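The shown structure was predicted, so the numbers you read here are calculated from the model rather than taken from an experiment.
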Amino acid sequence: TGLRTCKYSARFGFSSDVLTEEAIESTKKTLNAEIIPKHLTNLQKCLEVSKSGWLADTSDPSIADFYWVPVLDSIVSGWTGDKDLLKNFPKLQDLQKKFHELEKVAEYRAKKKQKV
């Protein structure tokens, strides 16, 4: 929510005199340096105890995987301003790969790339 508020401040009711460019940049730095890595660490811990490789340790992907993998994809694509945030989280990278290799997900991603 913090990053979305920074990116789309007017949508959240913050005028530029309230949420200044300086405040936005400061917030983005804090998010990338502290907040997002903390969340990624927690996700990594879930995967470290998972026997299945899915976040909820289920036999198939759960809603948690369907939620978090696109978030991880967005991070890697640079949405947060730091494309390298996942470099210290190999289990999260493995999760992305495993999720993307699911037959239906791979088909969807292939179709989506064709349309772009």
Side-chain angles (χ1 to χ4, degrees):
T1 304
L3 191 58
R4 286 183 181 94
T5 303
C6 287
K7 285 186 170 274
Y8 311 110
S9 56
R11 291 184 193 174
F12 288 95
F14 294 104
S15 64
S16 59
D17 56 325
V18 173
L19 195 55
T20 64
E21 285 300 317
E22 183 178 291
I24 290 171
E25 287 309 310
S26 174
T27 301
K28 285 181 183 179
K29 285 180 185 175
T30 301
L31 287 167
N32 282 314
E34 299 172 28
I35 307 301
I36 296 171
K38 183 173 93 175
H39 291 299
L40 297 178
T41 297
N42 291 334
L43 289 172
Q44 176 97 355
K45 287 178 183 177
C46 290
L47 291 170
E48 288 170 356
V49 298
S50 173
K51 293 176 184 80
S52 66
W54 298 115
L55 286 167
D57 198 19
T58 50
S59 58
D60 294 312
S62 72
I63 190 67
D65 304 295
F66 278 89
Y67 174 81
W68 280 106
V69 171
V71 171
L72 299 175
D73 292 344
S74 294
I75 290 171
V76 170
S77 72
W79 194 77
T80 69
D82 185 351
K83 292 182 179 186
D84 295 326
L85 277 173
L86 288 186
K87 72 179 180 182
N88 295 319
F89 300 96
K91 296 274 188 194
L92 296 179
Q93 294 173 35
D94 292 345
L95 173 65
Q96 281 182 286
K97 185 176 187 289
K98 181 176 182 168
F99 186 85
H100 293 156
E101 290 174 347
L102 292 168
E103 182 181 349
K104 294 293 183 184
V105 173
E107 288 174 9
Y108 169 78
R109 289 171 55 88
K111 286 180 186 175
K112 188 176 171 184
K113 283 183 182 176
Q114 290 172 358
K115 292 180 181 181
V116 176

Student check: side-chain heavy atoms of [X] and [Y] closer than 4.5 Å:
X: Pro90; Y: Gln44; answer: yes
X: Asp65; Y: Trp68; answer: no
X: Phe99; Y: Leu72; answer: no
X: Leu47; Y: Leu95; answer: yes
X: Trp54; Y: Ser62; answer: no
X: Leu40; Y: Leu86; answer: yes
X: Ile36; Y: Asp82; answer: no

Nearest heavy atoms of [X] and [Y], plus distance in Å:
X: Gly78; Y: Lys83; result: CA-CG, 3.4 Å
X: Thr58; Y: Ser52; result: O-OG, 2.8 Å
X: Asn32; Y: Thr80; result: ND2-O, 2.8 Å
X: Phe89; Y: Pro37; result: CZ-O, 3.8 Å
X: Cys46; Y: Leu55; result: CB-O, 3.9 Å

Side-chain ([X]) to main-chain ([Y]) donor-acceptor, under 3.5 angstrom:
X: Lys7; Y: Trp79; answer: yes
X: Thr30; Y: Ser26; answer: yes
X: Ser16; Y: Thr20; answer: no
X: Ser77; Y: Ser74; answer: yes

>> I'd like to know whether CD of Glu48 has more than 12 heavy-atom contacts from other residues, nucleotides or ligands below 6.0 angstrom.
In response: yes
> Taking the six-membered ring of Tyr8, is NZ or CZ of Arg11 closer than 6.0 Å to its centre and within 45° of its axis?
Replying inline: yes
Quick one: pull up [atom1] in [X] and [atom2] in [Y] and give me the separation to the nearest 0.5 Å.
X: Ile35; Y: Lys29; atom1: CD1; atom2: NZ; answer: 15.5 Å
X: Lys98; Y: Lys91; atom1: NZ; atom2: NZ; answer: 10.5 Å
X: Ile75; Y: His39; atom1: CD1; atom2: NE2; answer: 10.0 Å
X: Ile24; Y: Ser9; atom1: CD1; atom2: OG; answer: 4.5 Å

> Are Leu3 and Phe12 co-members of a hydrophobic cluster defined by side-chain heavy atoms under 4.5 Å apart?
Replying inline: yes
> Honestly curious: do Tyr67 and Val76 fall in one hydrophobic cluster under the side-chain, below-4.5 Å linking rule?
Replying inline: yes
> Does the pair Asp73/Arg109 count as a salt bridge with the N-to-O cut at 4.0 Å?
Replying inline: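 Here Asp73 pairs with Arg109 in a salt bridge, since their nearest N and O are under 4.0 Å apart.
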> Can Lys38 and Glu34 be counted as an ion pair, charged N to O under 4.0 angstrom?
Replying inline: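 Here Lys38 does not pair with Glu34 in a salt bridge, since their nearest N and O are not under 4.0 Å apart.
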>> Run Lys97 and His100 through side-chain contact (heavy atoms from CB on, under 4.5 Å) and show every step you take.
In response: CA-CA 5 Å; Lys97 185 176 187 289; His100 293 156; 5.9 Å; no
